[in-house]
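Predicted model only: the values in this text are computed from it and were never measured. All residue numbers refer to positions in the sequence shown, counting from 1.
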Amino acid sequence: MTTIDDLRDLANLEGDLLVIAAYEKLGIGTHSDEDNFTDNIWAVGHLAETLAWECGGDSPRYTHPSCQVLFDDVVALGRTICPGAWDYFFSVGQRDSAAAAAGW
């Protein structure tokens, strides 16, 4: 992956999060399931876990300085939409990525 790929993927991720934020404001995807999570929480969680996974491992992404501002904006947006879910699933992604890198 190149830095351009990383910037593109971060921009796409930001767009996905903005859609989820709009859904929240419109009351779309806000009904809880049997785990007491909404569709929006699951979506934010998936995005957070995927981003964290991509940041770790043998070939971490988003390390070029030009990615830093957009990366920070994406994390802040995820935390704004659903703070608990973003932080929890991001930590799960980091843990799983570290475990995979260690050969688990």
Side-chain angles (χ1 to χ4, degrees):
M1 292 282 182
T2 66
T3 300
I4 297 299
D5 294 325
D6 286 349
L7 288 168
R8 180 203 61 226
D9 290 347
L10 285 171
N12 286 335
L13 180 56
E14 181 181 41
D16 291 343
L17 287 170
L18 288 170
V19 168
I20 296 167
Y23 285 169
E24 283 287 305
K25 287 182 180 180
L26 296 170
I28 299 169
T30 57
H31 297 296
S32 297
D33 63 11
E34 63 275 358
D35 294 321
N36 205 31
F37 285 179
T38 66
D39 288 344
N40 295 334
I41 291 172
W42 283 117
V44 167
H46 172 73
L47 295 172
E49 189 171 348
T50 301
L51 179 64
W53 181 270
E54 292 172 342
C55 290
D58 296 334
S59 298
R61 296 185 61 193
Y62 317 114
T63 57
H64 192 274
S66 65
C67 295
Q68 190 63 53
V69 171
L70 186 53
F71 182 89
D72 292 345
D73 288 347
V74 165
V75 171
L77 180 57
R79 285 183 172 151
T80 299
I81 297 167
C82 193
W86 179 271
D87 290 339
Y88 172 75
F89 284 105
F90 194 86
S91 70
V92 168
Q94 288 177 316
R95 181 197 66 210
D96 291 350
S97 179
W104 287 92

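The shortest side-chain heavy-atom distance between Leu17 and Ile81 falls under the 4.5 Å cut-off. Side-chain contact between Asp9 and Glu54 is absent, with no heavy-atom pair separated by less than 4.5 Å. Contact annotation: the side chain of Trp53 approaches that of Asp96 to within less than 4.5 Å [non-hydrogen atoms, C-beta and beyond]. Residues Thr50 and Leu13 have side chains not in contact (no heavy-atom distance under 4.5 Å, counting atoms from C-beta outward).
Side-chain atoms of Asp5 come within 3.5 Å of backbone N or O of Thr2 as a donor-acceptor pair.
Considering all non-hydrogen atoms of both residues, Thr38 and Thr30 come closest at CG2-O, 3.2 Å. Among all heavy-atom pairs drawn from Ser66 and Leu7, the shortest one is O-CD2, 3.6 Å. Across all their heavy atoms, Pro60 and Cys55 have their closest contact at CB-O, 3.0 Å. Across every non-hydrogen atom of Ala43 and Ile20, the tightest pair is CB-CD1, 3.6 Å.
Interatomic distance, CD of Glu49 versus CG of Leu51, reported as 11.0 Å (0.5 Å rounding). A distance of 7.0 Å separates SG in Cys82 from CD in Glu24, rounded to the nearest 0.5 Å. Considering CH2 of Trp86 and CG of Leu47, their distance stands at 6.5 Å, rounded to 0.5 Å. Ile4 CD1 to His64 NE2: the interatomic distance, rounded to the nearest 0.5 Å, is 9.0 Å.
In terms of hydrophobic clustering, with Ile, Leu, Val, Met, Phe, Trp and Tyr side chains grouped at heavy-atom distances under 4.5 Å, Val19 and Leu26 are assigned to a common cluster. When the side chains of ILVMFWY residues are joined at heavy-atom separations under 4.5 Å, either directly or via intervening members, Val44 and Tyr23 end up in two distinct hydrophobic clusters. Under the 4.5 Å side-chain contact rule for hydrophobic residues, Ile41 and Ile28 do not share a cluster. Criterion: ILVMFWY side-chain heavy atoms under 4.5 Å apart, direct or through other members. Under it, Tyr88 and Val74 are not part of a common hydrophobic cluster.
Between Tyr62 and Phe71, the ring planes are tilted. Angles from 30° to 60° get that label.
Between the side chains of Thr3 and Asp6, no donor N or O sits under 3.5 Å from an acceptor N or O. There is a side-chain donor-acceptor pair under 3.5 Å between Asp33 and Trp42.
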